[in-house]
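Not measured: the values here are computed from a predicted model. Below, read A as the first sequence line, B as the second, and so on, with proteins coming before strands; counting in each chain starts at 1.
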Number of protein chains: 2
Amino acid sequence: MATIRDVAREAGVSIATVSRVFNQTALVSEGTATHVRSIAARLDYWPNSAARSLITHRTNAIGVLLPDLYGEFFSEVIRGIDLAARQEKYQVLVSSFHASAETIVSAIRALRGRIDGLIVMVPDADAHTAIQEFATRFPVVLLNPGANAPECGALSIANYDGAFAAVDHLAKLGHRSIGILRGPLGNLDAEERARGYRDALAANGLAWDEALEVGGDFTESSGFQAAADFARMRPRPSAVFCANDYMAIGLLSALRDAEVRVPEDMAICGFDDIAIAHYLTPALTTVRVDACSLGERALHQLLPFARTRRPADGQREVLPASLVVRRSCGAPVPGTGEARGARSRRRTPSSPSHHRDERLAAGSDGATA
Amino acid sequence: MATIRDVAREAGVSIATVSRVFNQTALVSEGTATHVRSIAARLDYWPNSAARSLITHRTNAIGVLLPDLYGEFFSEVIRGIDLAARQEKYQVLVSSFHASAETIVSAIRALRGRIDGLIVMVPDADAHTAIQEFATRFPVVLLNPGANAPECGALSIANYDGAFAAVDHLAKLGHRSIGILRGPLGNLDAEERARGYRDALAANGLAWDEALEVGGDFTESSGFQAAADFARMRPRPSAVFCANDYMAIGLLSALRDAEVRVPEDMAICGFDDIAIAHYLTPALTTVRVDACSLGERALHQLLPFARTRRPADGQREVLPASLVVRRSCGAPVPGTGEARGARSRRRTPSSPSHHRDERLAAGSDGATA
DNA sequence: TTGTAAGCGTTATCAG
DNA sequence: CTGATAACGCTTACAA
């Protein structure tokens with residue numbers, strides 16, 4: 001591989017000049033610049049990034065740390081980050097870890113020196129404090145900061161508002177006994193969604209009943225298993241709010257096996273609006289979160305800090321969540337055929353495709369802040 | 001951030017010794033080693049990777065280049081790569097590009113110098129040649145090499161065999177008119193699947209009829225649109241093989257709207273076995289491809305070459321694809337309830353969970369090679 | 001506008 | 001076993 005010295009020699013200039021050409025320093029005449037560029041092209045020269053970042057202390061890369069790379073939600077987040085990074089000419093280093101506060105620290109250590117900034121989604125409150133400490137001396141954007149104000153950049157989805165809207169919608173449909181299939185204990189998103197559930201009950205004059213809360217872990221199989229718990233309840237809830245779509249899918253599947261009709265016997269609502277939600281039978285009413293633009297926004301929030309290598313201050317942005325009404329909750333669905341398939345798979349985050357699901361905006365009013 | 005010099009000074013040794021401690025060179029006494037380590041820990045020292053790779057010419061990172069980061073298949077591939085990389089202490093740099101031969105070259109250029117090896121999934125034959133040239137001087141593993149023998153490492157899924165098995169199964173069920181919903185023109189996977197479709201027809205004494213082939217682009221919406229084409233055919237095909245699951249989902253959805261019963265009026269079969277396939281109504285018969293272990297295997301195939309920075313030779317591995325029979329093809333499904341939800345979402349690639357779908361092994365007999 | 005030269009923080013070579 | 005010291009390929013004052 002050709003080095004800066006080869007180009008300099010071949011072009012009959014100094015290495016400093018070559019360097020300037022590649023750094024747009026503009027302190028070089030147009031003539032020599034083009035000459036150098038042509039030599040460089042012929043030699044297939046490109047600045048060595050290790051040498052470059054050794055002296056500049058910048059890597060032009062950002063790290064992404066997620067609890068696990070499984071599932072559509074995370075994959076969409078990564079896609080959004082990648083999209084934005086490509087645009088900003090940043091590289092993306094992805095890394096997953098497995099939920100304990102211990103490994104998150106080692107994951108960060110492995111990334112150290114290779115990135116200018118970090119986007120991280122924290123699984124629980126424990127890991128949260130470890131990250132917070134790190135964030136005081138490094139640019140970090142948190143993807144789910146929980147309810148308390150973080151000391152770093154933070155981007156959250158309107159978990160509370162979205163859950164509130166969903167449960168409020170169920171209550172307004174006349175359901176008096178509404179169950180919840182919760183996410184993992186300690187999971188920040190799950191906690192906020194549960195909080196939204198409870199407050200929506202209260203707002204509708206419904207008493208909170210611990211017996212109506214079933215624990216889940218965000219997986220389809222936990223949703224499948226939860227069906228038995230709901231079936232056992234007396235009285236049986238006429239509606240269930242699931243803390244994510246995967247669990248709702250498992251639950252729907254189990255209910256079908258048990259010949260419990262949805263929405264007639266039990267109305268179901270999910271959270272996330274993953275692509276499948278639209279294609280289930282019945283189509284799933286859920287809370288839409290635009291995971292792709294979450295990733296995009298995170299990168300854009302991080303970048304100014306990454307560029308200056310200054311810890312991100314406590315700015316916070318909340319991404320709205322909107323209720324998408326489909327068949328599974330039993331509400332009348334506007335339009336015919338519900339425009340199945342009309343939703344483009346490859347919608348770009350900046351221009352979400354329109355579709356005919358009824359959407360009720362929620363969040364972005366800062367209720368979580 | 002502490003440097004090697006700080007540690008050396010503090011520990012009263014030379015920088016060479018500190019370096020040796022961190023490189024397990026073993027030429028250092030146990031006593032000094034532990035002493036140095038404790039000092040390093042106190043100073044929170046960790047070798048600067050830029051400086052390190054500047055001199056060693058190794059980055060301990062590999063690049064992953066995919067056509068687009070959308071969809072469950074790709075996200076599972078990345079997960080597999082990440083899993084294996086974590087184990088091997090390699091970092092993963094992901095990057096997507098948008099299908100033209102031009103951008104794939106620029107994507108590679110952007111990665112150059114930052115990675116020791118590259119895993120790339122080529123969209124079409126054009127980009128293929130660009131990659132091939134690059135692969136002669138850099139460790140590369142191709143994820144879908146097509147039918148011709150590549151000059152680099154290659155890992156492919158048994159597209160031909162999987163498609164053959166699926167269509168053969170439909171034919172054996174008595175279908176005489178079997179349509180195909182094809183993938184994008186020029187897409188290597190799609191071509192192989194179409195080839196398997198045709199050969200399976202021939203093997204069952206069915207004439208190939210161009211009119212039964214409908215073009216798609218792997219998206220749900222293209223599957224949705226294709227329904228009209230199939231409905232218009234005379235005679236209408238009694239079965240359709242879709243080149244991937246997303247299109248099958250769109251097709252199922254459109255057929256339901258049109259009140260065409262599946263599988264009674266039309267049997268449907270997909271390809272990939274994405275997680276959703278199991279939960280559709282009717283559950284989708286499809287060809288399982290373990291995307292996660294595809295990623296895993298790719299990394300393991302690449303690593304020896306990445307470590308030595310030697311171009312990967314023409315070794316080739318084919319991952320088997322197996323037919324998973326569910327309700328949508330109309331064949332009797334063994335067992336009751338089909339064990340919905342029994343399939344763990346978080347199955348690890350090394351130990352896929354067992355489930356009661358009927359599975360017929362296909363591929364791995366090298367028919368694609 | 002261009003060149004010279006001093007590092008950036010490591011690893012590798014060669015003496016001790 | 002340990003210590004000097006020369007690279008690695010680049011950016012950036014400082015000079016010209």
Side-chain angles (χ1 to χ4, degrees), chain A residues 1-37 39-40 43-61 91 109-116 307-309, chain B residues 1-37 39-40 43-61 91 109-116 307-309:
Chain A
M1 200 52 55
T3 76
I4 198 172
R5 237 171 283 274
D6 300 325
V7 178
R9 188 182 336 103
E10 202 75 4
V13 297
S14 73
I15 59 167
T17 300
V18 177
S19 173
R20 284 174 190 125
V21 169
F22 275 85
N23 287 287
Q24 340 269 37
T25 325
L27 296 159
V28 53
S29 77
E30 192 50 47
T32 44
T34 50
H35 178 226
V36 166
R37 257 190 287 267
I39 299 286
L43 266 46
D44 196 27
Y45 166 78
W46 197 259
N48 175 305
S49 56
R52 203 173 223 180
S53 69
L54 177 56
I55 193 159
T56 60
H57 296 289
R58 330 174 77 271
T59 62
N60 278 291
Q91 300 286 338
R109 169 148 303 181
L111 246 27
R112 126 158 41 179
R114 314 184 80 120
I115 55 174
D116 295 339
R307 288 195 209 280
T308 57
R309 300 191 66 68
Chain B
M1 200 53 57
T3 78
I4 198 172
R5 235 171 286 274
D6 301 325
V7 178
R9 186 181 338 103
E10 203 76 2
V13 297
S14 73
I15 60 168
T17 299
V18 177
S19 174
R20 286 178 188 120
V21 169
F22 274 86
N23 288 285
Q24 342 267 34
T25 325
L27 295 159
V28 52
S29 77
E30 192 50 47
T32 44
T34 49
H35 178 225
V36 165
R37 257 189 287 268
I39 299 287
L43 266 46
D44 195 28
Y45 165 79
W46 197 259
N48 176 306
S49 55
R52 202 173 225 180
S53 68
L54 178 57
I55 194 157
T56 58
H57 296 288
R58 326 175 82 272
T59 62
N60 279 292
Q91 299 286 338
R109 169 148 303 180
L111 246 26
R112 131 164 29 185
R114 316 185 78 120
I115 56 175
D116 294 339
R307 287 195 209 280
T308 57
R309 301 191 64 70

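- Counting to the nearest Å, the C1' atom of D:dT11 and the NE2 atom of A:His57 are 11 Å from each other.
- Taking atom CG of residue B:Asp6 and atom P of nucleotide C:dG9, one finds them 9 Å apart after rounding to whole Å.
- Across all strands shown, A:Phe22 has no heavy atoms under 4.0 Å from either base or sugar-phosphate atoms.
- The CD1-C1' distance, from B:Ile4 to C:dT10, rounds to 6 Å in whole Å.
- Paired with A:Val13 under the rule side-chain contact (heavy atoms from CB on, under 4.5 Å), one option of A:Val36, A:Val28, A:Ile39 passes, and it is A:Val36.
- A 4.5 Å side-chain heavy-atom check between A:Gln91 and B:Ile115 finds every atom pair outside the cut-off.
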Notebook entry, point to check: Would B:Asp6 and B:Met1 count as a side-chain contact (heavy atoms from CB on, under 4.5 Å) if you check the C-alpha gap in whole Å, the side-chain angles of each, and the deciding distance to 0.1 Å?
Noted result: CA-CA 10 Å; B:Asp6 301 325; B:Met1 200 53 57; over 6 Å; no

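- Contact annotation: A:Thr17 reaches the phosphate of C:dG3 (side-chain N/O to OP1 or OP2, under 4.0 Å).
- Considering only side-chain N and O atoms, B:Ser14 lies under 4.0 angstrom from the phosphate OP1 or OP2 of D:dG3.
- Here D:dC10 is the nucleotide among D:dC10, C:dT4, D:dT2 with the atom lying nearest to any side-chain atom of A:Ala51.
- With rounding to whole Å, A:Arg114 atom CZ is found 17 Å from C:dG9 atom P.
- In the set C:dT4, C:dG9, D:dT2, D:dT2 carries the atom at the smallest distance from any side-chain atom of B:Ser29.
- For the pair A:Met1 CE and D:dC8 C1', the computed distance is 15 Å after rounding to whole Å.
- Counting heavy atoms from C-beta outward, A:Val21 and A:His35 have side chains that stay 4.5 Å or more apart.
- For D:dC8, neither phosphate oxygen OP1 nor OP2 lies less than 4.0 angstrom from any side-chain nitrogen or oxygen of B:Thr56.
- One interatomic measurement links the two molecules: CD1 of A:Ile15 to C1' of D:dT11, which rounds to 9 Å at whole-angstrom precision.
- Between A:Arg114 and B:Asn60 the shortest side-chain heavy-atom distance falls below 4.5 Å.
- Close to C:dT10, at under 4.0 Å from its OP1 or OP2, lies no side-chain N or O of B:Ser53.
- Atom CZ of A:Arg20 is separated from atom P of C:dG3 by 8 Å (rounded to the nearest Å).
- Within the structure, a side-chain polar atom (N or O) of A:Thr32 is placed less than 4.0 Å from OP1 or OP2 of C:dT2.
- Residue-level contact check: A:Ser19 touches the bases, meaning some heavy atom is under 4.0 Å from a base atom.
- Taking the side chain of A:Thr3 as heavy atoms from C-beta on, and the options D:dC10, D:dG3, D:dT12, the nearest nucleotide is D:dC10.
- Per the geometry, CD1 belonging to A:Ile55 stands 15 Å off P belonging to C:dT10, to the nearest Å.
- Taking side-chain N and O atoms only, A:Asn23 has a distance below 4.0 Å to OP1 or OP2 of D:dT11.
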